[in-house]
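Convention: sequence-line order gives letters A, B, ...; per-chain numbering from 1.
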Amino acid sequence: MSHLPSLPILSVRDLVKTYREGSLDRAVLQGLSFDIKKGELVVLLGRSGSGKSTLLNLISGMDAPTTGSIRFRDTELTKLSETERTLFRRHAIGIIFQSFNLIPTLKVEENILLPLELGGKLDKDQRQRALAVLEEVGLADRAGSFPDLLSGGEQQRVAIARALAHDPLLILADEPTGNLDFKTAGLVMDILERIVHDKERTMLIATHDRDIIGLADRVFELQEGVLREVSPAESAH
Amino acid sequence: MALSIVGVALGVAVVVGIDLANTSARTAFTLSTETVAGRATHSLEASSGTLPDSVYRIIKVDEGFRDAAPVIEGSVRIGEVDGPVVQVLGVDPLAEDPFRSFTGGPDGGIDLGRFMGRSPGVLVAAATAERLNLPEEGRFSAWHEGQHVDLEVEALLPVDSDLDAASLENLIVVDIATAQRVLTMQGQLSRVDLILPEGTEAAFRANHMRGLPDNVTLEQSAGRSDTLAQMTEAFSLNLTAMSLLALVVGMFLIYNTMTFSVVQRRPLLGRLRAVGVTRREMYWMIISEALLVGLAGSILGVVGGLALGNVLVGLVTQTINDLYFVVRIRDLDVSAWSIGKGLAIGIGSTILSTLPPAREATRTAPSMVLKRSATETSTLHALPRLVVSGVVLAVAGVGILWLSGKSIAWSYGGILAIILAFACWIPPIVLLGARTLRPVLGRVFGIIGRMGASGIEQSLSRSAVAVAALTIAVASTTGVGVMVDSFRTTVNTWLTYALEADIYISPPGDVFRRNDATITAEAEHFIRSRPDVEAAYSVRTARVLIDNQETDLIVTEPRPRELEPGRYKATMTGDFRRAMQESDVVMVSEPYAFRYGTNVGDSLRIMTSHGPVAFRVGAIYYDYASDLGVVQMTRDRYDIHFDDPRVSGLAVYATDGKDLDGLIQDLREGTASVQSLNIRSNRDLRQASLDVFDQTFTVTTVLRLLAILVAFVGVLTALMALQLERSRELAVLRANGMTPGQVGRMITLQTSSMGLLAGLLSVPLGLVLAWLLIYVINQRSFGWTLQFEVDGVILLQAILLAVVAAALAAMYPSLSMSRTKASEALREE
Ligand SMILES: Nc1ncnc2c1ncn2[C@@H]1O[C@H](COP(=O)(O)OP(=O)(O)OP(=O)(O)O)[C@@H](O)[C@H]1O
Ligand SMILES: [Mg+2]
């Protein structure tokens with residue numbers, strides 16, 4: 001479908017995550033390995049409970065794996081401390097949740113600037129860029145509103161803008177359309193597709209919404225703790 | 001759950017502890033007067049404090065009245081000149097039977113004959129002997145008014161009943177002759193106890209009292225404990241104020257913890273609602289759980305209250321002993337009433353404070369239970385109503401204060417209403433404050449600061465309660481602090497002019513406010529005749545019946561320099577000082593005038609040695625030495641009307657330029673062989689007086705600390721509820737790159753801002769409370785005029801205290817919040 005850039009921005013190797021439940025260890029992820037290259041839109045399929053969110057949390061550094069390696073270019077995430085992982089996430093990763101998770105006390109504009117502002121004072125340039133992103137999702141005129149005045153779809157578009165504003169290396173989206181109706185979901189998907197392919201951004205979307213697959217460059221399926229790459233066509237039915 | 005129980009327990013403990021200390025002190029008074037009064041219904045007393053022992057002989061022998069017993073009361077110090085003080089009760093063993101139970105009744109085991117025969121013999125309870133290190137049999141030293149006496153333990157008192165054990169704790173019993181010798185009351189008695197059948201009082205007066213001296217009066221025994229009770233009124237009042245405060249703060253605390261426990265389980269409740277538990281079922285579930293928490297917390301609280309009560313009782317006894325009366329509080333007086341009250345308050349306020357959060361959790365639609373914003377919107381809507389309720393309460397409070405006259409209980413009610421009014425205004429003020437702080441904090445701390453400030457607004461219903469609890473706690477300590485400060489400054493100023501001589505000499509008394517000790521004539525003569533003593537004036541303090549009330553009469557010789565006019569509240573026209581020398585004119589202290597509504601020109605009926613005499617009031621003077629009020633008379637008039645040449649103290653002026661320390665040394669050495677006396681310089685005495693003052697307020701300090709502790713836990717629980725509600729939001733922030741450190745800083749900024757708001761708000765409320773304490777409570781209780789003194793330091797301290805308390809309370813929640821895994825918090829969808 002498109003040309004594939006050569007260098008992977010993310011390499012995951014032998015990733016294992018086990019949860020302790022009482023005296024039993026339950027391995028949710030049992031040794032995953034894959035790469036994601038720049039400009040790719042990768043879809044992660046899997047049944048509920050298969051470990052999609054778990055994987056995304058490990059990649060974003062919100063949680064630490066039991067064993068294995070997660071490498072972004074030359075940063076080995078598993079070797080970082082909690083705070084270092086947070087700082088890395090702040091500038092290298094954008095996250096979109098199922099429930100839009102905007103901060104109610106911050107205006108739309110402030111929500112978008114949040115990851116940048118957490119890093120220190122904003123300069124004019126950054127502010128400009130953030131507003132441009134808001135333009136991209138078609139909400140430039142709502143910059144001054146508080147999130148609770150927006151519709152669900154609009155809120156998710158703000159959340160998308162927030163994930164893009166600091167120009168991250170990788171955007172993670174966990175069921176981004178899960179809380180939206182069919183029509184709005186389509187709209188949001190279009191935006192996601194556009195932002196990836198227009199500006200060479202990289203995105204990993206976890207979903208069980210098979211409609212999304214059509215947009216994907218590659219599709220992974222998570223089953224019983226193991227990851228398998230499937231062709232978009234094969235998984236469509 | 002554990003936290004809510006602790007919260008309830010702490011609130012109940014404070015209330016119960018203070019209540020117990022208070023009632024125990026009261027009971028101790030009643031007990032000690034009861035042992036001494038025994039079953040006597042009446043007694044014969046004399047206005048001068050003592051009556052000749054011939055009175056007893058006349059009643060018993062000449063009049064043939066059988067149920068009469070002579071009594072001598074006093075106190076001695078055991079072992080050393082400044083050893084522990086015990087009450088001395090002198091009785092006639094043969095006449096005692098119908099009166100007092102401590103001799104063990106007719107077959108009580110004490111050989112009265114032996115007891116009577118041996119003059120220095122002392123009866124003492126075993127426990128008392130042990131406590132005082134008295135030998136089981138044999139001699140020991142004691143001191144009375146600086147003079148040494150020998151005593152000997154004769155027998156241990158059998159303990160018949162509990163009442164006896166408690167009240168005998170601080171008592172030694174001797175026969176009349178020994179008492180007269182030890183207490184230097186030769187030929188004198190304190191009173192003659194009588195048992196008069198009901199309704200025969202008038203007959204007794206008519207039939208048996210004609211042969212008695214004029215100044216002997218028939219009194220009801222019950223009256224005596226009233227006087228004692230009055231003495232500790234100031235004290236009691238202090239404690240009551242504090243326990244009221246503890247109650248308010250305790251209820252806040254309980255409200256906070258219960259809200260917290262409901263909030264904590266809101267997701268669970270939401271799920272239950274979704275599963276189909278009805279609103280009513282859930283409501284009852286929450287309430288019955290509150291009942292359990294309230295019960296468990298209250299029981300724990302009562303136990304804690306007992307412990308706290310023990311500590312407080314220690315402090316209370318110390319103060320009372322030093323200031324008012326020799327009393328020993330053996331045990332906490334644990335009445336079912338105190339405990340019941342504690343339980344009722346604990347359980348009642350637990351359930352009451354669960355109602356709003358329970359309603360909040362059950363009213364909303366199942367899906368909404370998970371969302372905080374629903375409550376916050378309703379909080380915003382409630383603001384105007386709160387402001388109006390505040391106004392209504394404030395008006396009611398002022399109205400109550402206005403109309404309540406001298407009633408202290410109602411005055412406290414009014415003050416409570418004003419505090420609550422203030423509490424109602426706190427949420428809107430907190431909202432305004434948070435909005436004002438937002439840009440300021442934003443400028444200094446960036447987005448962390450902005451979010452910290454808006455966090456307050458976002459969870460207004462929680463943060464306002466926390467701020468209110470902290471404000472009230474801090475304001476009450478400021479209020480009491482300013483009141484005590486004002487009081488102290490006033491007393492200090494007053495001491496400066498009240499104590500103008502160089503050296504003050506008095507016999508070592510047993511209790512500060514009831515020093516009946518006198519200086520021997522020999523010692524007085526020696527002091528006055530020293531070459532370096534330029535002038536001296538004597539003071540005599542006697543307890544006399546004035547308008548049928550036992551009152552301290554202070555008798556002074558003219559001072560070399562008289563008080564400035566500004567030291568009088570009111571004087572009669574003309575030279576009242578001359579009038580006091582030349583005619584029957586006295587002056588009264590401000591508390592006296594207040595207590596009895598006395599004005600200049602009024603007439604007082606004073607029971608003299610020769611019967612009642614009418615004196616005119618020539619002036620009302622400021623005096624802070626006694627809250628009961630005293631009357632002052634010149635020595636000249638006293639000598640005319642009373643057969644009492646003794647003096648209680650001497651004020652000495654040194655010859656100009658003489659070394660004071662040298663003179664004091666000289667006087668000490670010169671009097672040592674005659675009488676051990678307290679000889680203190682002006683400066684020392686003033687310091688001693690201030691020390692006594694400070695000691696009176698030690699309990700206050702402890703209680704203030706407690707109030708802060710309770711408020712602290714209140715803030716802590718409010719913060720925890722608040723953070724719990726926001727855990728998801730915090731997780732989102734973490735996901736967006738907020739480091740754990742930044743989370744901690746944001747929460748600390750938020751709570752410190754709340755602390756700052758509480759600190760700032762506590763200043764006006766604290767000043768209002770101080771003003772009310774000084775001009776309403778103190779005025780209505782004692783009638784003292786106090787200067788309103790505000791030390792800026794106290795106010796700064798208050799603000800600092802609030803900020804530090806809040807910041808400390810933030811430590812735990814911010815630590816736990818920054819530690820929890822964001823990924824976990826986000827899972828709960
Ligand atoms: N903190 C945890 N402790 C224990 N078990 C966990 C924890 N987090 C996730 N799990 C378990 O790991 C498995 C994978 O969960 P995960 O949330 O990753 O699934 P998912 O694929 O995202 O499901 P869904 O499509 O429903 O979102 C589940 O069985 C879950 O119970
Ligand atoms: Mg998931």
Side-chain angles (χ1 to χ4, degrees), chain A residues 17 19 48-49 53-64 81-107 110-122 146-148 159 162-163 165-166 168 172 174-175 178-179, chain B residues 367 370-374 376-377 431 434-435 437-439 441-460 463 725-746 750 818-829:
Chain A
K17 179 70 184 177
Y19 284 117
S48 179
S53 301
T54 303
L55 178 58
L56 258 52
N57 281 336
L58 294 180
I59 295 175
S60 69
M62 299 240 287
D63 207 347
S81 73
E82 170 90 33
T83 300
E84 287 167 332
R85 287 205 306 268
T86 308
L87 295 175
F88 177 79
R89 177 165 69 244
R90 185 191 286 168
H91 74 257
I93 292 176
I95 302 182
I96 302 164
F97 299 98
Q98 173 174 355
S99 53
F100 331 117
N101 281 335
L102 299 177
I103 306 299
T105 50
L106 299 178
K107 289 177 192 161
E110 292 171 314
N111 259 290
I112 291 172
L113 290 168
L114 181 67
L116 286 168
E117 254 200 296
L118 284 172
K121 276 251 176 295
L122 292 175
F146 279 99
D148 52 355
R162 180 174 66 187
H166 53 298
L172 299 173
D174 195 349
E175 311 263 15
N179 276 9
Chain B
S367 64
L370 300 168
K371 288 196 182 149
R372 178 90 205 107
S373 53
E376 292 316 328
T377 324
L431 183 65
R435 290 190 177 161
L437 277 173
R438 194 177 133 103
L441 289 179
R443 193 148 314 144
V444 184
F445 299 99
I447 183 130
I448 300 284
R450 270 198 337 263
M451 295 193 63
S454 31
I456 300 176
E457 179 179 346
Q458 192 189 348
S459 326
L460 190 60
S463 42
E725 285 169 347
R726 295 179 58 200
S727 58
R728 184 171 177 84
E729 187 188 326
L730 289 172
V732 172
L733 289 170
R734 294 274 289 112
N736 277 288
M738 189 180 269
T739 61
Q742 284 175 317
V743 171
R745 233 169 302 148
M746 183 180 78
Q750 174 179 341
S818 58
R819 275 214 190 125
T820 47
K821 279 202 179 141
S823 54
E824 309 258 318
L826 282 168
R827 271 169 48 81
E828 291 166 13
E829 295 248 303

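- Against chain B, the residues from residues 88-96 of chain A that qualify, each with a non-hydrogen atom under 4.5 angstrom away, are R89(A), R90(A), I95(A) in number order.
- Looking at S60(A), there are no atoms closer than 4.5 Å to chain B (heavy atoms on both sides), in backbone or side chain.
- At least one donor-acceptor pair under 3.5 Å links the side chain of K17(A) to the backbone N or O of A64(A).
- No donor-acceptor pair closer than 3.5 Å links the side chain of N111(A) to the backbone N or O of L102(A).
- A donor-acceptor contact closer than 3.5 angstrom links the side chains of S81(A) and E84(A).
- Shortest non-hydrogen contact noted between L118(A) and L733(B) is CD1-O, 4.4 Å.
- If you measure heavy-atom distances from I448(B) to chain A, the contacts under 4.5 Å come from the side chain alone.
- Ion pairing between E110(A) and R438(B) holds under the 4.0 Å rule for side-chain N and carboxylate O.
- In this structure, no portion of R85(A) lies under 4.5 Å from any heavy atom of chain B.
- Residues passing the salt bridge (Lys or Arg N to Asp or Glu O under 4.0 Å) test with E729(B), sequence neighbours excluded: R726(B).
- The salt bridge (Lys or Arg N to Asp or Glu O under 4.0 Å) search around R745(B) returns none, not counting sequence neighbours.
- For the set D63(A), D148(A), L113(A), the entry with the most heavy-atom pairs within less than 4.5 Å of chain B is D63(A).
- Under the salt bridge (Lys or Arg N to Asp or Glu O under 4.0 Å) criterion, D174(A) pairs with no residue, sequence neighbours left out.
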